[in-house]
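Residue indices begin at 1 and follow the sequence shown. Indexing begins at 1, ligand by ligand and atom by atom, following the structure's order. Only a predicted model underlies this, so the values are computations on that prediction, with no experimental measurement involved.
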Amino acid sequence: MAQKRALITGITGQDGSYLAEFLLSKNYQVFGLTRRTSTPNYERIKHIEDKIKLLPGDLLDQQSLTSAVDYSAPDEIYNLAAQSFVATSWSQPVLTGEFTALGVTRMLEAVRQIKPKAKFYQASSSEMFGMVHESPQSESTQFHPRSPYGVAKVYGHWITINYRESYDLFAVSGILFNHESPRRGLEFVTRKISHGVAKIYLGQANEIILGNLDAKRDWGFAGDYVKAMWLMLQQPKAQDFVVATGENHSVREFVEQAFKAVNITNWKKYVKTSKEYIRPAEVDFLIGDATKAKEALSWKPTVSFKELVAMMVKADVDLLKKNSR
Ligand code: NAP
Ligand code: G4F
């Protein structure tokens, strides 16, 4: 059988790097879209750089996206690129809309014009549920986004469905709940905590400053979630799926568990809160119902909350030790 070809936008990000590894393990030829930066930011993919082909492009630039689709001639396209940090979406709402909303249309246009038979995955988000209308949230739960990011993702979600219905593209949307890993950006709360705890444990810091400790998220492991993306594109029919663990925890519980991983019990003395990290509108409570993915894709998470926290803290302790050698 001919080797399958996949194009990943956002390959330098957390999910892009795990997905590239996963597709290489399935013998795909992997192409990745990267935007120009003054210094290279290939930290997450440097171990596989010689096995993939990087193509220049930006979600703001239609021609570069069209060229990338043309050059890679992909069987599957994973559109993971986005301005993905919710907090930044209030300080840069227009840019977030350009990347995270209209960027999806630009990608879909490239597919429609150049490779309409390619299967397309859109990285939708549980942030679309925002102020939740029911719990747990499933594919049929109404959206009520609470940030410019969430609003942009709702647009991306519906334009994907619209291109499926208008042009008969195999275009699917994965509504993924929060997924984390040692490769998570340092600005997201889980990695901020694991890195902060590791520093405290090693005597390199004495506090972590956070925002809302009461927010609850359904946190899974990113490595498990990229497999679900791939499974969605192997189905006979294009459909949307929720991907989640079905369990949620507060930020406070994450903190407690992270300190526990390094045997620190009196964690309260190290944790402060600041208004600086409180959002203009909060998503208080997310918990996903992934029954459809479990039944149709035979997908299930393999890493528990405790294991995820321990994995992240350990990785940060190891990283900090290595960097201080
Ligand atoms: P991430 O680590 O922030 O990665 C985002 C990627 O998008 C990076 O490779 C980034 O490139 C790229 N990018 C940003 N703007 C771009 C532009 N204008 N042109 C081209 N590339 C651009 O995000 P992630 O956690 O891997 O998430 C992947 C996708 O899933 C995102 O769409 C996110 O919104 C969505 N999502 C994530 C979660 C989650 O919990 N992780 C849950 C639901 C949905 P640079 O390296 O150059 O910045
Ligand atoms: O880690 P977060 O920044 O992730 P958030 O906002 O849930 O978004 C992530 O998950 C979405 C899926 O639901 C993705 F679509 C999105 O791209 C991203 O990957 O914040 C989680 C919670 C929030 O309630 C926030 O208010 O943690 C709370 N929090 C408390 N203190 C903090 C902090 N968040 C950050 N980033 N930093 C803090 O100091």
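- Distances between N or O atoms of G211 and those of ligand 2 include at least one value under 3.5 Å.
- Of the N or O atoms in A82, one or more lie within a sub-3.5 Å distance of an N or O in ligand 1.
- Below 3.5 Å of separation, one finds no N or O of N178 facing any N or O of ligand 1.
- Counting heavy atoms only, N178 comes closest to atom 4 (O) of ligand 2 of the residues T273, N212, T100, N178.
- Residues forming a side chain to side chain donor-acceptor pair (under 3.5 Å) with N248 (at least two apart in sequence, or on another chain): none.
- Side-chain contact of Q83 with T100: a donor-acceptor pair under 3.5 Å is absent, judged by distance alone.
- Taking a 4.0 Å cut-off on heavy atoms, R184 registers as neighbouring ligand 2.
- Ligand 1 lies within reach of S124, whose nearest heavy atom is under 4.0 Å from it.
- Contact annotation: E127 has no heavy atom less than 4.0 Å from any atom of ligand 1.
- Heavy atoms from both the backbone and the side chain of D15 come within less than 4.0 Å of ligand 1.
- Under the 4.0 angstrom criterion for non-hydrogen atoms, L80 is in contact with ligand 1.
- The ring pair (Phe, Tyr, Trp, His ring centres under 6.0 Å) test with Y225 singles out one residue from F177, Y18, F241, W299, and that residue is W299.
- The protein atom (non-hydrogen) at minimum distance from atom 22 (C) of ligand 2 is R217 NH2, 3.9 Å.
- Pairs engaging residues 182-206 under the ring pair (Phe, Tyr, Trp, His ring centres under 6.0 Å) rule: F85-F188 [sequence neighbours left out].
- Of the listed residues (V189, D214, T190), the one carrying the non-hydrogen atom nearest atom 35 (C) of ligand 2 is V189.
- Within 6.0 Å of the NZ atom in K216, the count of heavy atoms belonging to other residues, nucleotides or ligands exceeds 12.
- Closest protein heavy atom to atom 36 (N) of ligand 2: E187 O, 2.9 Å.
- Residue F85 places every heavy atom at 4.0 Å or more from ligand 1.
- Between F120 and F170, the ring centre distance reaches or exceeds 6.0 Å.
- Residue contacts with ligand 1 leave out E98, since none of its heavy atoms falls under 4.0 Å from the ligand.
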